[in-house]
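Side chains included, hydrogens not; waters and symmetry mates left out as well; all remaining heavy atoms used. Residue numbers start from 1 in every chain, and the chains themselves are labelled A, B, ... in the order their sequence lines are given, proteins ahead of strands.
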Number of protein chains: 2
Amino acid sequence: MTNDPLHMITYSDQVRVLVAVDCIIFGFDGDQLQILLIKRGFQPAKDQWSLMGGFVGKKETLDGAAERILFELTGLKDVYLEQLSAYGSPERDPIERTVSVAYFALIDINTYKTQISDRYHAEWFLINEAPSLIFDHNNMVEEAKKRIRYKAALHPILFELMPTKFTIPQLQNLYEQVYNAKIDNRNFIRKVNSTDLLIKLTEKDKSSSKRGAFYYTLDKNKYKAKFQSFLNFIPNPENLIS
Amino acid sequence: MTNDPLHMITYSDQVRVLVAVDCIIFGFDGDQLQILLIKRGFQPAKDQWSLMGGFVGKKETLDGAAERILFELTGLKDVYLEQLSAYGSPERDPIERTVSVAYFALIDINTYKTQISDRYHAEWFLINEAPSLIFDHNNMVEEAKKRIRYKAALHPILFELMPTKFTIPQLQNLYEQVYNAKIDNRNFIRKVNSTDLLIKLTEKDKSSSKRGAFYYTLDKNKYKAKFQSFLNFIPNPENLIS
DNA sequence: AAATTAAACGTCAAATTAACGATTATTAAT
DNA sequence: ATTAATAATCGTTAATTTGACGTTTAATTT
């Protein structure tokens, strides 16, 4: 048995495989939840839609590779990035066996640098209108959505998607898109306010109503401090997840 | 830039690396929460304690490799096994770059087949008395503990560690070890009963008290059906999850 | 000035929670 | 028969959280 650690002195008789990183990049523009995809410009699966990915470099960590790939596509650094899972089915890449470590990112689309991404033929898609993807990328996206729903029910990660200035109706809109559910407006405001995470600004956004909605910013310190708290924004999330 | 997907036709100029799986195996014998470790019989790090691991075979999935390794060490199949995370720091293995995908397993120690494990010099350690491990295995174990604490606060995964027949005091004991905290006995019983997951047997365990505690078994169907429910066994888990 | 729109605030009864106190049951040891 | 020891049950409380709804407010459009 070649995989038996007891009888191995070196690793010489083991298979080496490619290791890649794929990023599921979620974005919000204050209105719609979107996902960033690229059209592959090379074989295999040329001209098909795909997640942004790449191989892990010689001296790179997995997190480092994910950060690099995200930066190459969006021009952004210091973005919320979390490892989703590793995918390693032997047939997942038809050219050569490749283990892929998937990461998901949450970004504010307004900070996205479009000029950098042009060379990758990147495009934003509404979360419910995204095309079918190559290999097992559809599965990765599904699992990423599930993870976000799970996590956002308990922790304030969706704030990572919001613009620096945002309104509470915008925030509620995002939650409604993530959970595909209508949320009671009065209860939502109460919960958001009770977290004490937001700082109310004097300025208003008048684009969506006559009265206008106050802008808020995130109190970053409180956000970091309370991130692990179980906020329970979403009542009975188990009814909505998956 | 060699990692640029745009200018690649094949994958030929990419680095191939070893991919391994490491298993954090938690066990409970009805009394103590333990972890199963092996003493490495080969270089590097010969005679040091380590997680049970192995390389992913040519035609194996990651999950498949984890199942195989778990079976080799414990003789067990159909055990709770969940991917924890992938670890890929370039220096994590001194011999050659190896990306490791860590899995954690939860087993009932009573079903553990000791004769199979003998060849690996495996040993159970109390969770708080485990020795220091090779490479980044200490870190993996810490993250696995964290994950279990997180998950067990919301879902009934700790039942996976229980013997077929167990008592409520045993169950409470396990929760107290996992969270390193004293749990109110009256509230705990009330919550456990309200989940409706347990079937009370007529037999009693008299080993730990004069009166004896009733044995229970898990109602597997209800367990599966309610696994995703948020049970809230642990009040304010954020104070306990580090 | 009235109408319109959605934002923001308020109310309430029901349910759930954690933190306790007290009691009863069972059986081995004395 | 009494004591000791743990298991199990029952009950109480105040505080908090819940969901469901009604009402008011602010600013723009007409």
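A donor N or O paired with an acceptor N or O is not found under 3.5 Å between the base of dA27(D) and the side-chain atoms of Arg211(A). In this model, no side-chain donor or acceptor of Arg186(A) finds a partner on the base of dG19(D) within 3.5 Å.
Nearest to the side chain of Lys191(A), among dT9(D), dT28(D), dG19(D), sits dG19(D). Among the nucleotides dG19(D), dA7(C), dT28(D), the one closest to any side-chain atom of Ser209(A) is dA7(C). Out of dA20(D), dT29(D), dA8(C), the shortest distance to the side chain of Asn187(A) is found at dA20(D). The listed nucleotides are dC9(C), dG19(D), dT28(D); the one nearest the side chain of Lys200(A) is dC9(C).
A salt bridge does not link Glu67(B) with Lys77(B): every distance from a Lys NZ or Arg NE/NH1/NH2 to an Asp or Glu carboxylate oxygen is 4.0 Å or more. Salt bridge absent: Arg147(A) and Glu143(A) never bring a charged side-chain N and a carboxylate O closer than 4.0 Å.
In terms of phosphate contacts, Lys204(A) brings a side-chain nitrogen or oxygen within less than 4.0 Å of OP1 or OP2 of dA27(D). The phosphate of dA29(C) has neither OP1 nor OP2 within less than 4.0 Å of any side-chain N or O from Lys210(B).
With a cut-off of 3.5 Å on both Watson-Crick or G-U wobble distances, the partner of dT30(D) is given as dA1(C).
Of the residues in residues 161-170 of chain B, not one places a heavy atom less than 4.0 Å from an atom of DNA chain C.
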